[in-house]
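Heads up, the thing below is written out as C-alpha cells.
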Amino acid sequence: MKYKFVLKMSTQEFLPYYRGEIQQVVVTTFEHIRVQFPAMYLRKYLTSDGIEGIFSLETENNKFKKLEKIT
C-alpha cells in the first residue's frame, strides 16, 4: 500500500527523533489516514533547515517497505 503525506519539521523539532528519544513518526496522509513508521528513515532527508516535503510511504502487510521524498 502507498501513502502520500506532507511533512514539515524544523531541525529542533526533529532532534528527539534523531536522538532516538522518540522512535516513531505519526503522519496523516492525503487520504486522512494516520500511519506511523520508524523515524530513522527520515534521517537522510534532514537538512540544516529540518525536513520538508511531500513523501511517499510504501508498506507491505502493514510493515514498512520504502520511504521516498517526492518533492
Side-chain angles (χ1 to χ4, degrees):
M1 182 132 224
K2 283 193 177 183
Y3 304 96
K4 290 184 183 175
F5 60 92
V6 174
L7 185 62
K8 183 173 182 175
M9 191 179 292
S10 71
T11 306
Q12 196 67 20
E13 290 171 317
F14 189 67
L15 197 54
Y17 296 94
Y18 190 85
R19 290 181 179 152
E21 296 166 8
I22 303 173
Q23 296 184 0
Q24 298 290 315
V25 175
V26 179
V27 297
T28 302
T29 69
F30 290 141
E31 297 81 19
H32 305 287
I33 300 168
R34 288 183 56 172
V35 294
Q36 74 176 34
F37 60 93
M40 67 182 196
Y41 294 110
L42 285 171
R43 286 183 177 179
K44 69 180 181 180
Y45 301 109
L46 181 62
T47 68
S48 59
D49 294 328
I51 299 173
E52 183 174 357
I54 298 174
F55 293 84
S56 173
L57 171 66
E58 190 174 339
T59 63
E60 189 173 300
N61 297 324
N62 289 327
K63 302 287 185 197
F64 179 92
K65 187 171 180 185
K66 183 167 64 170
L67 178 68
E68 294 178 303
K69 185 174 179 181
I70 299 170
T71 62

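When reading the values below, keep in mind they use all heavy atoms of this one structure, side chains included, and skip hydrogens, waters and symmetry mates.
Looking at R34, its side chain never comes within 3.5 Å of a backbone N or O of V26 through a donor-acceptor pair. Under the 3.5 Å distance criterion, the side-chain polar atoms of K69 are matched with a main-chain donor or acceptor of E52. A donor-acceptor contact shorter than 3.5 Å links the side chain of T11 to the backbone of S48.
Considering every non-hydrogen atom in both K8 and E13, the closest pair reads O-OE1, 4.3 Å. Residues F64 and F37 come closest through the heavy atom pair CD1-CB, 4.0 Å.
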Could you give me the CA-CA distance, side-chain angles and deciding distance for T59 and V35, then say whether side chain to side chain contact (heavy atoms under 4.5 Å, CB included) is met? CA-CA 10 Å; T59 63; V35 294; over 6 Å; no

List the steps and the verdict of side chain to side chain contact (heavy atoms under 4.5 Å, CB included) for V25 and Y41. CA-CA 10 Å; V25 175; Y41 294 110; over 6 Å; no

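Under a hydrophobic-cluster definition in which Ile, Leu, Val, Met, Phe, Trp and Tyr are linked whenever side-chain heavy atoms come within less than 4.5 Å, directly or via other members, F30 and I70 are assigned to the same cluster.
Atom OG1 of residue T29 and atom CE of residue M1 lie 9.0 Å apart, to the nearest 0.5 angstrom. Going from atom OH of Y3 over to atom CG of L67 covers 13.5 Å, rounded to the nearest 0.5 Å. Atom CD of E68 and atom CG of L57 lie 10.0 Å apart (nearest 0.5 Å). Here the straight-line distance linking atom CZ of R43 with atom CD1 of I51 works out to 10.0 Å at 0.5 Å rounding. Residue E58 holds its CD atom at 5.0 Å from NZ of K66, rounded to the nearest 0.5 Å.
Under the 3.5 Å distance criterion, with hydrogens and angles disregarded, no donor-acceptor pair is assigned to the side chains of Q12 and S10.
In this structure K2 satisfies the salt bridge (Lys or Arg N to Asp or Glu O under 4.0 Å) test with no other residue, sequence neighbours excluded.
None of F14, Y17, F55, Y18 except one satisfies the ring pair (Phe, Tyr, Trp, His ring centres under 6.0 Å) rule with Y45; the exception is F55.
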